[in-house]
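What you see is a predicted model; the values in this text were computed from it and never measured.
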Amino acid sequence: MIKRTLLFSNPAYLSKRNEQLLIELPDAPKLDGKDNKRSIPIEDIGVVILDNQQITITHAALAALLQNNAAVITCNDTHHPVGLFLPLDGHDVQSERFRHQITATEPLKKQLWQQTISAKILNQAAILNERGIEIDNMLHWAKSVRSGDPDNYEGRAAAYYWRYIFGAKANFFRRREGEAPNNLLNYGYAILRAMVARSLVGSGLLPTLGIHHRNKYNAYCLADDIMEPYRPYVDKLVCEIVDDGEDFEFLTIALKARLLGMAERDVHIEKEHSPLMVGLQRTTASLAKCYELKNRKILYPVMPLKIAESRKAKA
């Protein structure tokens, strides 16, 4: 079952009662004489985003959310995510999986990174293909990635991808502090990162120890690694917002809600379709098996590629 993602952008009081998250919205109007309270089973919640400076959450509610492997994201006064709460104990054999992860060899990690970058470039190519952009070079780079990506095909693909994703005349530059729609991408990636970290913890892995990212100031190196092939799902959603002609100069509540819909986006992994959040669980579970040397392949989602299919049919 897909877990729910909750966004609180208005003042709220969150507490726990009988394994339910009790939500009180003091500024919400009362309808038909009913109060402004509601409740949601905590076991149904996957991600909670606290995006208002006048939100109060009780310790009992926070502890119950974490105990049920929910990720709790806090935002600052500019509405950007700045903190992430995750459970310390997310799996029955966590200590054993920690040992496998810590003792993973460099050749193994480089092979896993090769798979990751190849999958990312293929999904980027699928988006460009859908938007009518030539992708022969992207397909070549995806197939040419070697262990550890020493040729930096990731960088080559990114330069081409960002140049054309919003149109050749868009003059778009992907920068964290760049002009819109960078704001949409930043927000979407922050939420995706939290979802990936949550799935890693649920699979008994340390989000800190990456297979490629190694920044000592980054507490979520592995999450940043594993989210790479999933980034194009955020990009696709942002493209839809831009194409629809919405005003995206400022990150409104409506835009945030639309970006949060990525958790329910359909992903395709090994002939099976599932919501993105469920797909993440399959990906991180397969990574754990790779660390244990029970499997050699991370299960990443694959976006449909019409050009590849048509060429295969012609061959």
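Through direct or relayed side-chain contacts under 4.5 Å between Ile, Leu, Val, Met, Phe, Trp and Tyr, F173 connects to no other residue. Cluster partners of F98, by chain and number: I102, L206, L209. The rule joins Ile, Leu, Val, Met, Phe, Trp and Tyr whenever side-chain heavy atoms lie under 4.5 Å apart.
Y220 and T208 share no donor-acceptor pair across their side chains, judged by distance under 3.5 Å alone. There is no side-chain donor-acceptor pair under 3.5 Å between R176 and N186.
With rounding to the nearest 0.5 angstrom, the CG atom of L222 is 4.5 Å from the CG atom of L200.
Note on residues 246-255: pairs passing side chain to side chain donor-acceptor pair (under 3.5 Å), not counting sequence neighbours, are E246-R258. Here ring-ring contact (aromatic ring centres under 6.0 Å, His included) pairs that include residues 179-205, with residues two or more places apart or in two chains, number zero.
Every residue two or more places apart in sequence or in another chain was checked for a salt bridge (charged side-chain N to carboxylate O under 4.0 Å, His left out) with R4, and none qualifies. E228 is linked by a salt bridge (charged side-chain N to carboxylate O under 4.0 Å, His left out) to K120, R231, counting only residues two or more places apart in sequence or in another chain. In this structure, E264 has no salt bridge (charged side-chain N to carboxylate O under 4.0 Å, His left out) partners at least two apart in sequence or on a different chain. Not a single side chain to side chain donor-acceptor pair (under 3.5 Å) links R156 to another residue, sequence neighbours left out. For D225, the side chain to side chain donor-acceptor pair (under 3.5 Å) test picks out H213, with sequence neighbours left out. Under the salt bridge (charged side-chain N to carboxylate O under 4.0 Å, His left out) criterion, D224 pairs with R193, sequence neighbours left out. With sequence neighbours excluded, the residues satisfying side chain to side chain donor-acceptor pair (under 3.5 Å) with Y161 are D235.
Residues L255 and L184 approach most closely at CD1-CD2, 4.0 Å, considering heavy atoms.
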Under 3.5 Å, side-chain donor or acceptor atoms of residues 287-298 against the rest of the protein: list the pairs with distances, not counting sequence neighbours.
{"from": "E292", "atom 1": "OE2", "to": "R97", "atom 2": "NE", "distance (Å)": "3.2"}
{"from": "N295", "atom 1": "OD1", "to": "K297", "atom 2": "N", "distance (Å)": "3.3"}

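At a threshold of 4.5 Å between side-chain heavy atoms, the hydrophobic network of Ile, Leu, Val, Met, Phe, Trp and Tyr places I40 and L65 in one connected group.
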